[in-house]
Structures are given as C-alpha cells and as structure tokens.
Amino acid sequence: MGRLFSINLEGKIYSCKHCHTHLALCQDIISKSFHCRHGRAYLFNKVVNITTGENEERMMMTGMHTVADIFCVGCGSILGWKYETAQDKNQKYKEGKCVLERYKISGPDGNNYWVAREAQVVVGGGGAAGEDS
C-alpha cells in the first residue's frame, strides 16, 4: 500500500470518531434532517478523505436512489453514503452529495454523538442504551 494522502481542513470540522481524520466543514452542511439506522445523519455538500464503494440501487425513505457507501481513508470505517443518482426529479439536489452518519463522526467541539446519546438515556431513565429510534 502506498503513502496515505489526506487533506487537513481548517475551521469547525467533523472528523472520523475512530482515527480523527478530517472529513468536512460545518459550513458545508446542507441538512441535519437526515436519518439512518443508528439515528441522525447530516447531508454535506463536500466531504474529503473518503473512498467510495460500489454503486448500488437502494430504496430510501424518499424513493429509489443509486448510492455508494463511503469509507474513511485513515482507518477504513464506513461513514455513510454518497448519492450518485436520484430517480425523482425533486431529489436531484442530493446527487453528488454525501451523508455522514452522526454517530460515526466527531463534531467540531470534539463531541461524540453516540456517547452523548447513551448518557442522555441513562440520565433520563428512559429506554435501553443503544436502542435505535
């Protein structure tokens, strides 16, 4: 394997929670209203330091899309997916954009969504920790 090339971002960044590789800037968030199996996810206009898996057709909440999983170049962890094509013309704005699953990344202040979510469940005395919503 060759030498790892990664881009270091400046400003408020999101990074891989496992290896802290820089992934995206706060200013590149398009939407915080996305959801995945494990909770919240953010749609970004630009994401760096990723590799892309094979394209596949997936039925999403908003219809059929061609997507590819995205992985961290630093550690290989799956981070989310990239929208390659959308069938519905109202969903075309997603093409070429990436979704990062919030529990797989660290926020600009270094917080880890998964840990914070578990702590809220314990403090609130609600359901079991790690329960999907």
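Hydrogens, waters and symmetry mates play no part in the numbers below; they use all other heavy atoms, side chains included. All values reported here derive from a predicted model rather than from experimental measurement.
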Going by heavy atoms in the side chains, are I50 and K82 under 4.5 Å from each other?
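Not in contact.
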Do L79 and E101 touch side chain to side chain, with heavy atoms closer than 4.5 Å?
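They are not in side-chain contact.
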With sequence neighbours excluded, residues passing side chain to side chain contact (heavy atoms under 4.5 Å, CB included) with C26:
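Counting only residues at least two positions away or on another chain, C26 forms a side chain to side chain contact (heavy atoms under 4.5 Å, CB included) with K12, Y14, P108.
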If you take all heavy atoms of [X] and [Y], which pair is closest and at what distance?
| X | Y | result |
| --- | --- | --- |
| G53 | A68 | O-CB, 3.5 Å |
| D88 | N90 | OD1-N, 2.8 Å |
| C16 | C75 | SG-SG, 3.6 Å |
| A24 | L9 | N-CD1, 3.6 Å |

Results of side-chain hydrogen bond (donor to acceptor under 3.5 Å, both in side chains) for H22 - residues two or more places apart only
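Per chain and number, H22 pairs via side-chain hydrogen bond (donor to acceptor under 3.5 Å, both in side chains) with no residue.
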Listed by chain and number, what are the side-chain hydrogen bond (donor to acceptor under 3.5 Å, both in side chains) partners of T66, not counting sequence neighbours?
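With sequence neighbours excluded, T66 shows a side-chain hydrogen bond (donor to acceptor under 3.5 Å, both in side chains) to E57, T85, given in chain and number order.
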Test: salt bridge (charged side-chain N to carboxylate O under 4.0 Å, His left out). Region: residues 20-30. Which pairs qualify, not counting sequence neighbours?
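Counting only pairs at least two positions apart or across chains, no salt bridge (charged side-chain N to carboxylate O under 4.0 Å, His left out) contact touches residues 20-30.
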Look up atom NE2 in H65 and atom CD in Q91, then write down how far apart they are to the nearest 0.5 Å.
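If we round to the nearest 0.5 Å, H65:NE2 and Q91:CD are 5.0 Å apart.
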Between OG1 on residue T21 and CD1 on residue I13, distance to nearest 0.5 Å:
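The CD1 atom of I13 is 9.5 Å from OG1 of T21, to the nearest 0.5 Å.
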Which residues, ordered by chain and number, are linked to I30 in its hydrophobic cluster, where ILVMFWY side chains connect at heavy-atom gaps below 4.5 Å, directly or through other members?
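Its cluster partners, ordered by chain and number, are F34, L43, M60, V67, W81, Y83, Y93, V99.
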Residues clustered with M64, ILVMFWY side-chain links under 4.5 angstrom:
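When side chains under 4.5 Å apart are linked, the cluster holding M64 also contains M59.
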Indicate yes or no for a side-chain donor-acceptor contact from K104 to the backbone of K17 under 3.5 Å, with no hydrogens or angles considered.
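Not a single qualifying donor-acceptor pair exists.
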Do side-chain atoms of N49 reach the backbone of V73 as a donor and acceptor pair under 3.5 angstrom?
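Between the backbone of V73 and the side chain of N49 there is no qualifying donor-acceptor contact (under 3.5 Å).
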Quick one: do I78 and L100 end up in the same hydrophobic cluster if we chain Ile, Leu, Val, Met, Phe, Trp and Tyr together by side-chain heavy atoms under 4.5 Å apart?
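Per the 4.5 Å side-chain linkage, I78 and L100 are not co-clustered.
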For E84, which residues count as a salt bridge (Lys or Arg N to Asp or Glu O under 4.0 Å) partner, sequence neighbours excluded?
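By the salt bridge (Lys or Arg N to Asp or Glu O under 4.0 Å) rule, E84 matches no residue at all.
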Which pairs, with at least one residue in residues 68-79 and sequence neighbours excluded, count as a side-chain hydrogen bond (donor to acceptor under 3.5 Å, both in side chains)?
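Those involving residues 68-79 are R58-D69.
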